[in-house]
Number of protein chains: 2
Amino acid sequence: MEQKLFKNYLGEKRLKLTKERLAVLQEVFAFHGHFAPEQLYFRMRDSGSKASRASVYRTLTLLVECGLVQRIARSDRGNVYEHIYGHGHHDHLICSLCGEIIEFYSENLEKIQEEVCRRNKFRGVSHILEIRGICGRCKG
Amino acid sequence: MEQKLFKNYLGEKRLKLTKERLAVLQEVFAFHGHFAPEQLYFRMRDSGSKASRASVYRTLTLLVECGLVQRIARSDRGNVYEHIYGHGHHDHLICSLCGEIIEFYSENLEKIQEEVCRRNKFRGVSHILEIRGICGRCKG
DNA sequence: GGTTAATTGATATTTAATCTCAATTTCATT
DNA sequence: AATGAAATTGAGATTAAATATCAATTAACC
Ligand SMILES: [Mn+2]
Ligand SMILES: [Mn+2]
Ligand SMILES: [Zn+2]
Ligand SMILES: [Zn+2]
């Protein structure tokens, strides 16, 4: 299903569905969790599918553009992504001590953001909400 | 006033109030707007106050820790900061076309975030909410 | 003033991400 | 299936933000 969507997106933009792009897509959807581009690149090397580092980065950008993947944070060490198709949008609580990432979704929060956009004559397209603090386990 | 707060913070932590740290603090509060560490560093060079690149980065971290400054985003090219003391917390709408940054504050949004933290047994310390989209002028 | 631990800064290092460009591949068209 | 134009790939170079090193300096406390 995500392949079909990706193919459509590429078609519209007169871009080509190469085996490298397909390999990145498959690896991204085979893995469930948050990942950095470098991790994705090395996981692909290990699992035998081939795509250069450059292609991994380039394809990730395309996947974000067409809405199959979202960039959820820009950590101190590079960007963090996750596939989103089939999961729906959500935001994150990030523990500064242990690094745990808790996902949440609040309808209310989304509604109020839309309201904020309206008030500012702004067409919201995406957002990153990243709440940093200390998780239950680390609080003790 | 911000000097007093910074001094207190340093005192509590047994850290020293050096002239470099003071120079960074002053430059940060002399400038009203969003800035990258490198910009701050070069602005200081130009205006004659001296602090090495390392000290600028190190001091920024301290200023964030004590709440005088917030990191508001990680752009494609590094972090973006702004001084916050005397302005209060706010979040940002960022236009993907022209780069304009609109500030906003929503009491409701903050309340709901607290609620989300409570539900997840999480102690929220800070957050970054960055809504990307298209501003009124660019919509046409 | 003397002691001590913190700090500075020039420089090297790390590392994510992008760029380069010749060689290759896709894909629409014969 | 062959052709050709345009897009894509990838190895390696490059960029640039941020951090680490560590000898020399400095602030803070007595
Ligand atoms: Mn997630
Ligand atoms: Mn602001
Ligand atoms: Zn934790
Ligand atoms: Zn705009």
Side-chain angles (χ1 to χ4, degrees), chain A residues 3-4 6-28 34-45 48-66 69 71-82 128, chain B residues 3-4 6-28 34-45 48-66 69 71-82 128:
Chain A
Q3 269 189 39
K4 187 171 270 177
F6 192 33
K7 190 170 182 174
N8 282 352
Y9 177 78
L10 294 174
E12 283 171 18
K13 288 223 161 189
R14 306 280 155 82
L15 302 177
K16 295 173 180 175
L17 182 62
T18 64
K19 35 183 171 314
E20 289 82 3
R21 283 174 179 166
L22 212 52
V24 171
L25 177 72
Q26 286 176 341
E27 191 65 40
V28 163
H34 305 126
F35 63 90
E38 294 290 304
Q39 288 169 18
L40 176 60
Y41 171 60
F42 286 116
R43 205 178 308 125
M44 289 183 68
R45 305 215 84 184
S49 57
K50 83 176 234 304
S52 68
R53 172 176 280 114
S55 283
V56 168
Y57 277 92
R58 288 185 290 224
T59 304
L60 270 177
T61 301
L62 290 173
L63 290 173
V64 170
E65 279 171 18
C66 77
V69 168
R71 188 179 62 191
I72 63 165
R74 297 169 171 177
S75 83
D76 286 339
R77 304 242 169 182
N79 293 328
V80 177
Y81 295 84
E82 71 184 346
I128 293 179
Chain B
Q3 270 191 37
K4 187 171 269 176
F6 192 33
K7 191 169 183 176
N8 282 350
Y9 177 77
L10 293 175
E12 283 171 20
K13 289 225 161 188
R14 306 279 156 82
L15 302 177
K16 296 174 178 173
L17 182 62
T18 64
K19 37 181 171 311
E20 290 81 3
R21 284 174 177 165
L22 213 52
V24 171
L25 177 71
Q26 286 176 342
E27 190 64 40
V28 163
H34 306 126
F35 62 89
E38 294 291 305
Q39 288 168 19
L40 176 60
Y41 171 60
F42 285 115
R43 204 178 309 124
M44 289 182 70
R45 303 217 83 184
S49 55
K50 85 176 230 303
S52 68
R53 172 176 279 113
S55 283
V56 168
Y57 277 93
R58 289 185 290 226
T59 304
L60 271 177
T61 300
L62 290 172
L63 290 173
V64 169
E65 279 170 20
C66 76
V69 167
R71 189 180 67 185
I72 62 166
R74 266 191 83 87
S75 82
D76 285 338
R77 305 244 168 180
N79 293 326
V80 177
Y81 296 85
E82 68 182 350
I128 292 179

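Within every chain, numbering begins at 1; the chains are lettered A, B, ... in the order of the sequence lines, protein sequences first and strands thereafter.
- Each end of the helix from C:dG1-D:dC30 to C:dT30-D:dA1 gets its own rotation axis from five pairs of C1' atoms, and the angle between them is 40° to the nearest 10 degrees.
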Side-chain atoms of residues 55-64 of chain A: list all donor-acceptor pairs with protein atoms under 3.5 Å, sequence neighbours left out, distances to 0.1 Å.
{"unit_1": "A:Ser55", "atom_1": "OG", "unit_2": "A:Ser52", "atom_2": "OG", "d": "3.4"}
{"unit_1": "A:Tyr57", "atom_1": "OH", "unit_2": "A:Glu38", "atom_2": "OE2", "d": "2.7"}
{"unit_1": "A:Arg58", "atom_1": "NE", "unit_2": "A:Ala54", "atom_2": "O", "d": "3.4"}
{"unit_1": "A:Thr59", "atom_1": "OG1", "unit_2": "A:Ser55", "atom_2": "O", "d": "2.7"}
{"unit_1": "A:Thr61", "atom_1": "OG1", "unit_2": "A:Tyr57", "atom_2": "O", "d": "3.2"}

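- In this view, B:Lys50 and B:Glu20 satisfy the salt bridge (Lys or Arg N to Asp or Glu O under 4.0 Å) rule, not counting sequence neighbours.
- Counting 5' to 3', DNA chain C first comes under 4.0 angstrom of a heavy atom of chain B and last does so at the ends given by C:dA5 to C:dG9.
- Proximity of A:Gln3 to A:Lys7: side-chain heavy atoms (C-beta onward) are nowhere separated by under 4.5 Å.
- Each of B:Ala36 and A:Tyr41 was assigned the nucleotide of DNA chain D with the nearest heavy atom; the assignment lying further toward the 5' end belongs to A:Tyr41.
- Side-chain contact check for B:His34 versus B:Ile72: some heavy-atom pair is nearer than 4.5 Å.
- Regarding contacts with the backbone of D:dA6, every side-chain N or O of A:Arg14 stays at 4.0 angstrom or more from both OP1 and OP2.
- In terms of modelled atom types and a separation under 3.5 Å, the side chain of B:Arg53 and the main chain of B:Tyr41 share no donor-acceptor contact.
- By the 4.5 Å heavy-atom criterion applied to side chains, B:Glu82 and B:Val28 are not counted as neighbours.
- In terms of position along DNA chain C, the nucleotide closest to B:Arg53 lies nearer the 5' end than the nucleotide closest to the other residue of the pair B:Arg53 and A:Gly78.
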List the protein contact pattern of nucleotides 20-30 of chain D with one symbol per nucleotide (5' to 3'): B for base contact, S for sugar-phosphate-only contact, - for none; contact means a heavy-atom distance under 4.0 Å. ------BBS--
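- Note: A:Cys66 SG to A:Asn8 CG = 9.5 Å, rounded to the nearest 0.5 Å.
- B:Lys13 comes within contact range of no nucleotide atom at all, as no heavy-atom separation falls under 4.0 Å.
- Scanning all heavy atoms of the two residues, the minimum distance from B:Lys16 to B:Arg21 falls at O-NH1, 2.7 Å.
- Every residue two or more places apart in sequence or in another chain was checked for a salt bridge (Lys or Arg N to Asp or Glu O under 4.0 Å) with A:Glu27, and none qualifies.
- Between the CZ atom in A:Phe6 and the CG atom in A:Leu22 there is a gap of 8.0 Å [rounded to 0.5 Å].
- The heavy-atom pair separating A:Pro37 from A:Tyr81 by the smallest distance is CG-CE1, 3.5 Å.
- In terms of phosphate contacts, B:Asn79 brings a side-chain nitrogen or oxygen within less than 4.0 Å of OP1 or OP2 of D:dA18.
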